[in-house]
Number of protein chains: 2
Amino acid sequence: MNQRMSSQNLDKMDKLVHFKSRFYNSNNEIYMDGNSLGKLPIQTKNQISSLVENQWGKNLIRSWNDHWLELPKRVGYKIAKLINADKEEVLVGESTSVNLYKLGCALVASKIFPKQLLTDSLNFPTDNYILDGICKQYSVSKPIVISHNSDLRADIDILKKKINDCSGILCLSLVTYKSAYRYPMKLLNDYAKKNNSIIIWDLSHAVGVVDIDVKKTNTIVAIGCTYKYLNGGPGSPAFIYIKKSMIKKLNSPIQGWFGHKRPFDFSNNFVPADGIEKFEAGTQHIISLAALETGIDITLEAGIKNISNKSKQMSTYMISKIKNELTPLGFILESPENFDERGSHVTLSHEHSWQICQCLTNPVGNKIKVIPDFRPERYIRFGLAPLYLSFNDIKITVQRLKEIVENKEYENKKKGRPIVT
Amino acid sequence: MNQRMSSQNLDKMDKLVHFKSRFYNSNNEIYMDGNSLGKLPIQTKNQISSLVENQWGKNLIRSWNDHWLELPKRVGYKIAKLINADKEEVLVGESTSVNLYKLGCALVASKIFPKQLLTDSLNFPTDNYILDGICKQYSVSKPIVISHNSDLRADIDILKKKINDCSGILCLSLVTYKSAYRYPMKLLNDYAKKNNSIIIWDLSHAVGVVDIDVKKTNTIVAIGCTYKYLNGGPGSPAFIYIKKSMIKKLNSPIQGWFGHKRPFDFSNNFVPADGIEKFEAGTQHIISLAALETGIDITLEAGIKNISNKSKQMSTYMISKIKNELTPLGFILESPENFDERGSHVTLSHEHSWQICQCLTNPVGNKIKVIPDFRPERYIRFGLAPLYLSFNDIKITVQRLKEIVENKEYENKKKGRPIVT
């Protein structure tokens, strides 16, 4: 991409431009929060209505055989395609936290790797909380939290040194939630393997927008959420990926009936399923699960490589505009400049971050609304969702940021924050 | 109730008769499977549409503050009312299996009771599987499965003796899934307490139809599902109840961010919430959770005492008809005759159970469909949901059973069963 190209020309060349109409869009609003909750696909609304009325309302209990028993595997297969996993390697259901818990416990109990849990200071806090809980439960020493010098990027040498010193089970977010820093997945997987360690990759901020290839990167286990770039809806079920050769060696701590080899035999003893279904537990939340499927279908239709390419173009374009127009105004780019080290959100900070955020979301008069999100203490994140955002949206966003600071609009906004920012 | 009253008169006296119109009903079909999946409330369909379009589609991420953060507690409070718990004692979310897992682990880790898990042969198998998994994880001896002489009812003396011999943590289904046998809750809770033990009550087959009073019965902990008599939809989130004085002493093994005291501070260390929210883990499945609320609202509106009274009348009426008309034809009543020992489903068996079941669900010609469910090897269960079933529905069901056997309709049906029966 020529960085001096106009947003107009970039939009003209955008192969994915027509996908915007597949989503519910509001007038006079640019939604840059796809990295916390993706938009509603129009088709999802119809899909849910139909499921509720026909499958639940009319067909009732018969829908378990007709539709719902196969749903987790079918949706899992679609996610598998997105990350180049095999059909039987991905299972959808429950939350990312519960999936990380199950996977972490399974790895500790398997005794394949030393019982040392590790994570780093860039990981999303809930991953650290979950690991901490596992350590308490197995009475092993607390997780080691590898500290990097900044929120911006990981120091790979420090990571390697720690893996070398303390082999074990490491959990990392492929794309970090603050800066969108992206780890060198293959390099670290290979290094971990050499050092009798394994990495659990949390793909939450990456799946659906980064072209992940679990085979090429030698990834063995991963988890992730689906309500961001996969547009699965609020709290849509998460997923778990386990490489086929590893499935046999791992067992879920939560031995629910849906993980049984033959759940509807109602037998007295638990016999785990042979495949990844053994990580299922209770009855799946069918309506939330069905809502998710359409979002993934659109992603597959657009093609993850096309999406990932557009993501690269978008963040490159945005960063170039930030450097030209915003850094002189006191904004600091908090995301890596090199695309190979970056996911699909761009993070800024500013002395008046929170107040600037409020100006974007609640502008005075008829100015366009821009919805980013905010992470304490000072980060404004702009999620660049290639399926429904244009280069012009980015241009307008940068313009708004510029005028908010130039005109000191932020001085009229409060410093206090609500619960979710 | 005068047992000789006609179904017509009973329906005339039924205060809840108008609630049927609040549900989606199919013509020429009597749905007796509310004990596996309740019907769709009309209002739920509108509720979900509105949530999807307005809260997700239009309001997007802002709905977390505006609507969704409070949802689990609000719905939890409504369930609390149904079982006479306090507002802060019930939390909704995840599946029954995951909730039992969390509660079981929390109790084992608390060391308040001996680390001996127990259950009985009448409990739903997944509860046993979950306990078995917990035992493996904590390296304690396998759960003791107390065996009763029949599937029909528990032998209270055997239970007491076992509690006396092996104090610990016992899990029982208040209403058993096969026969609908109902335990004497208070008697057993008090006996457990005297013997340094605690009972985890699985309320799945009881909540929304049995008038449960956790206070009067001295119940300390319970779990339950909501897709049966609460009409929450397929895989609607389950719930967990913990008596206030016990909440402080228990901690969830799954330390997810929603169980944190201040999740949106994104702090490094896990500090559990003070209240029952500490048992939350990841992001709630909002669409499934919202679908559940309407079902509970209807139950609260009808009144659990009215529902429970009608349930008693219905099962008493059905059992009296079974004894008069069906036992001479080889049917065996597999539910307790005494209402105080019974939930709201009535179970029958017959030499040709499975084939009879198929005649009910797929009759020849224009005969009315009756949808019960089937539990191997020989049980046909009829779930009597007072909100949408009439005494006439029961009369017709018994008539159908009679003619199926008298006319040997079952001879045309196959013996093989699908996955979910």
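These values consider heavy atoms only, across backbone and side chains, with no hydrogens, waters or symmetry-generated copies. All chains are named by letter (A, B, ...) in the order of the sequence lines, taking the proteins before the strands, and each is independently numbered beginning at 1.
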Among A:T96, A:N269, A:N251, single out the residue with the greatest number of heavy-atom pairs under 4.5 Å to chain B.
A:N269

Return yes if a side-chain donor-acceptor contact under 3.5 Å exists between A:N54 and A:N59, otherwise no.
no

Tell me whether the rings of A:W257 and B:F124 are parallel (<30°), tilted (30 to 60°) or perpendicular (>60°).
perpendicular

Is the backbone of A:S267 close enough, under 3.5 Å, to the side chain of A:D265 for a donor and an acceptor to pair up by distance?
no

Checking B:F23 against chain A: side chain, backbone, both or neither under 4.5 Å from a heavy atom?
neither

Determine the interplanar angle of the B:W64 and B:F258 rings, folded into 0 to 90°, and report it as parallel if under 30°, tilted if 30 to 60°, perpendicular if over 60°.
tilted

Identify the heavy atoms of A:I240 and A:I223 that sit nearest to each other, and give their distance.
CG1-CG2, 4.1 Å

Any donor-acceptor pair under 3.5 Å linking the side-chain atoms of A:K369 with those of A:N28?
no

Under 4.5 Å from any heavy atom of chain A, what part of B:I48 do you find: side chain, backbone, both or neither?
side chain

Side chain, backbone, both or neither of B:R62 within contact of chain A (heavy atoms, under 4.5 Å):
side chain

So what's closer than 4.5 Å to chain A heavy atoms on B:L131: side chain, backbone, both or neither?
neither

Where A:K228 and A:S36 come nearest, the two heavy atoms and their spacing
NZ-CA, 4.1 Å

For B:K136, give me all partners under salt bridge (charged side-chain N to carboxylate O under 4.0 Å, His left out), at least two apart in sequence or on another chain.
B:D132

Given the options B:T283, B:N268, B:I254, which has more heavy-atom pairs under 4.5 Å with chain A than any of the others?
B:I254

Return the minimal non-hydrogen interatomic distance between B:G38 and A:W56, and the atom names on each side.
O-NE1, 2.9 Å

Below 4.5 Å from any heavy atom of chain B, which atoms of A:L289 appear? Answer side chain, backbone, both or neither.
neither

Of the listed B:Y138, B:Y129, B:Y24, B:F270, the one with the largest count of heavy-atom pairs under 4.5 Å with chain A is B:Y129

Is any side-chain heavy atom of A:F374 closer than 4.5 Å to one of A:R381?
no

Per-residue contact mode, B:S26 against chain A (heavy atom under 4.5 angstrom):
side chain

Residues in residues 100-109 of chain B near chain A [non-hydrogen atoms, under 4.5 Å]
B:Y101, B:C105

Can B:Y177 and B:N123 be counted as having a side-chain donor-acceptor contact under 3.5 angstrom?
no

Given A:S288, A:S252, A:G282, the one with more heavy-atom pairs under 4.5 angstrom with chain B than any other is A:S288

Picking from A:N25, A:V52, A:L60, which has the most non-hydrogen pairs under 4.5 angstrom with chain B?
A:L60

Do the side chains of A:K73 and A:E293 get close enough for a salt bridge, i.e. N-O under 4.0 angstrom?
no

A:Y31 vs A:Y388 aromatic rings, parallel, tilted or perpendicular, using cut-offs 30° and 60°?
tilted

Is it the side chain or the backbone of B:K178 that comes within 4.5 Å of chain A heavy atoms, both, or neither?
neither

Quick check for you: among B:Q284, B:E29, B:R262, B:E53, which has the greatest number of heavy-atom pairs under 4.5 Å with chain A?
B:E53

Report the option among B:S139, B:C225, B:P237 that has the most heavy-atom pairs separated by less than 4.5 Å from atoms of chain A.
B:P237

Heavy-atom pairs under 4.5 Å with chain A are the metric here; pick the option from B:G256, B:A281, B:P253 that has the most.
B:P253

